[in-house]
Protein chains: 2
Amino acid sequence: MSEPLTTTLSSKSTTVTIRRDQPTVIIGERINPTGRKQLQSALERKDFDIVRRDAVDQVAAGAAVLDVNAGIPDGDEPVLLEAAVRNVMAVTDVPLCIDTADPEALSAALSVYEGKALVNSVNGEERSLEEMLPRVKEFGAAVIGLCMDDAGIPPTAEERFAVAEKIIERAGRLGIPAEDVVIDPLVLTLGADHNAAKVTLDTIEKVVREFGVNITMGASNVSFGLPDRPYINTAFIAMAIHAGLTCPITNPLAAELGIAILAADLVMGKDEWTMRWIDAFREREQSA
Amino acid sequence: MSEPLTTTLSSKSTTVTIRRDQPTVIIGERINPTGRKQLQSALERKDFDIVRRDAVDQVAAGAAVLDVNAGIPDGDEPVLLEAAVRNVMAVTDVPLCIDTADPEALSAALSVYEGKALVNSVNGEERSLEEMLPRVKEFGAAVIGLCMDDAGIPPTAEERFAVAEKIIERAGRLGIPAEDVVIDPLVLTLGADHNAAKVTLDTIEKVVREFGVNITMGASNVSFGLPDRPYINTAFIAMAIHAGLTCPITNPLAAELGIAILAADLVMGKDEWTMRWIDAFREREQSA
């Protein structure tokens, strides 16, 4: 088992460290217009009120990092993403995860960002590696590497591992250390393939054992189309944390998942004197 | 990683196989007078009505194996355990787990049992190994090995692994194959030591990697004394199943844990076409 690596992110005045032997870090996923009509039309009008409110609400609910995505159909993404980043920085002080596949938008956002950001994301495609990684290096950011390439999302853990290896290797060649590469193993829905989650868990284990890097993941699609989804999401996030997931991208306003993550940290021995568990219980009691 | 071993248990007409790549097998824990005053005084009167009702209820709720314990203060355990086993066999047809530390009671119960039982348990103490293992062999049973010895429950995964290794080795010398040894890593409460569950998970992983044996465990003491226990138990059982737990000893009448185990199996790819999950959901809907 490789030693745990530490990914350090920062904003103007806050530093967040992500590491396997520390509590799980929640990256808030809400600032993303995909599937959110209201946010999409607000961004079309260059109205950032929802973005600012989402930022404040997610930090209050426990997000330690915020994902910022401003991609809308026919939108001027460099302009919108830069503005979204400025707006989020104006109301919160957590590190940001700049979420775009557009190299120009990435540079625009990183230019105005104050601190060390996480870039979401590169993948194993040549074009992605060539266009995005030099910008990650230029701005001294960390980067999420998705386990997919030109051929799509590989069906086996071995193949996803190979993509992770390629991304870590290519980042290393540019001088981006492994500790600044966070791997996303990707997860498909169980409804389509009952081995979908196991492949993801196996990928996490292989990548962590070999490289010791941090692992991110969206954790709710796994149960899409199945009944009683929270039970499934809860089991999956607990197992993924056991396998090595360190910084899931989730909605911190969904209380069940937040409690599941706290419980998983408690069971993993990441909650000294069980204080976080007991404090969170008291908060729930007071707000009930 | 060692190949998964198969533990086969049987009753007069039912065979249960326990194996890492198959759905989790629930061993029902209810037939045990410890902490159950009503059952204790019934056993004092040699009244087995509660035992019979508990047997039927647990099988209906999903137990595939039933633990039978008849140990009461000043009770004649050989007589009581034999009678309890006869009573359970009269009303159900699942394999039994004979739960006693008394060698005479064990022989009495195994003498009347029809099939291949699981014996709960031996531990690493010389006396336990010498008195219990030959009886396990004599009756062709399988056996649970607890990771503790004369010095108590070891604090580290390495030491618990060493006890498991000793038990498997000693069983092997008597001709009991590793597939018939089910290891219980034991778990202490998180409230006393915030690393308690992690030590257990690490023990499971080490034992499974080295020997491929099946793993049992009681899963609810881990949260003793802490608030909102079901969340903790749920996270712990999911992680333990990911690590290699295959046949937990639990109360199948506690709905939350049963759903958590089904969800964990689903995530682990042990639920082909997600049929068990969907069937269980429909049953919950109908009974709601």
Side-chain angles (χ1 to χ4, degrees), chain A residues 1 21 187 189-202 204-205 219 222-223 225-243 255-256 258-282 284-285, chain B residues 1 21 187 189-202 204-205 219 222-223 225-243 255-256 258-282 284-285:
Chain A
M1 184 69 98
D21 51 12
V187 62
T189 68
L190 283 162
D193 171 8
H194 67 266
N195 278 311
K198 185 61 163 51
V199 167
T200 300
L201 294 171
D202 289 351
I204 295 175
E205 285 192 285
V222 69
S223 59
L226 290 170
D228 272 351
R229 295 181 61 180
Y231 292 111
I232 306 172
N233 296 345
T234 294
F236 183 51
I237 201 127
M239 289 179 169
I241 287 172
H242 181 248
E256 286 292 327
I259 299 176
I261 290 170
L262 278 175
D265 280 358
L266 174 62
V267 170
M268 286 293 285
K270 297 181 182 188
D271 186 353
E272 210 164 353
W273 313 119
T274 73
M275 288 303 292
R276 292 170 73 230
W277 183 256
I278 290 167
D279 287 349
F281 168 73
R282 286 188 184 138
R284 287 197 296 276
E285 272 205 321
Chain B
M1 185 69 100
D21 51 11
V187 60
T189 68
L190 284 163
D193 171 7
H194 68 266
N195 278 312
K198 184 62 163 51
V199 167
T200 300
L201 295 171
D202 289 350
I204 296 175
E205 284 191 287
V222 68
S223 59
L226 290 170
D228 272 352
R229 294 181 62 181
Y231 292 111
I232 305 172
N233 296 345
T234 294
F236 183 50
I237 201 125
M239 288 178 170
I241 287 172
H242 181 248
E256 286 290 328
I259 300 176
I261 290 170
L262 278 175
D265 280 358
L266 174 63
V267 170
M268 286 294 283
K270 297 181 183 189
D271 187 353
E272 209 164 356
W273 312 120
T274 74
M275 287 305 290
R276 292 170 73 230
W277 182 255
I278 289 167
D279 286 349
F281 168 72
R282 286 188 184 137
R284 287 198 296 277
E285 271 204 323

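What you see is a predicted model, and the numbers here were worked out from it, not measured in a lab. A note on names: the letters A, B, ... follow the listed sequences, proteins ahead of strands, and every chain is numbered from 1.
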query = For B:Phe281, is it the side chain, the backbone, both, or neither that has a heavy atom closer than 4.5 Å to a heavy atom of chain A?
reply = side chain

Work out which heavy atom in [X] is nearest to a heavy atom in [Y]; give both atom names and the distance.
X: A:Ala235; Y: B:Val267; answer: CB-CG2, 4.2 Å
X: B:Met239; Y: A:Ala238; answer: CE-O, 3.2 Å
X: B:Ala243; Y: A:His242; answer: CB-CE1, 3.7 Å

[X], part contacting chain B, at a heavy-atom distance under 4.5 Å:
X: A:Ile259; result: side chain
X: A:Glu285; result: neither
X: A:Phe236; result: both

In terms of heavy-atom pairs under 4.5 Å, which option from [options] contacts chain A the most?
options: B:Pro227, B:Ala197, B:Ala196; answer: B:Pro227
options: B:Ile232, B:Asn195, B:Thr234, B:Ile241; answer: B:Ile232
options: B:Arg282, B:Met268, B:Glu205; answer: B:Met268

message = If the condition is salt bridge (Lys or Arg N to Asp or Glu O under 4.0 Å), which residues does B:Arg284 pass it with, not counting sequence neighbours?
response = A:Asp228

ask   = Under the side-chain hydrogen bond (donor to acceptor under 3.5 Å, both in side chains) rule, what pairs show up with a residue in residues 264-281 of chain B, not counting sequence neighbours?
value =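 Checked against side-chain hydrogen bond (donor to acceptor under 3.5 Å, both in side chains) - neighbours excluded - the pairs reaching residues 264-281 of chain B are B:Thr24-B:Asp265, B:Asp265-B:Arg276.
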
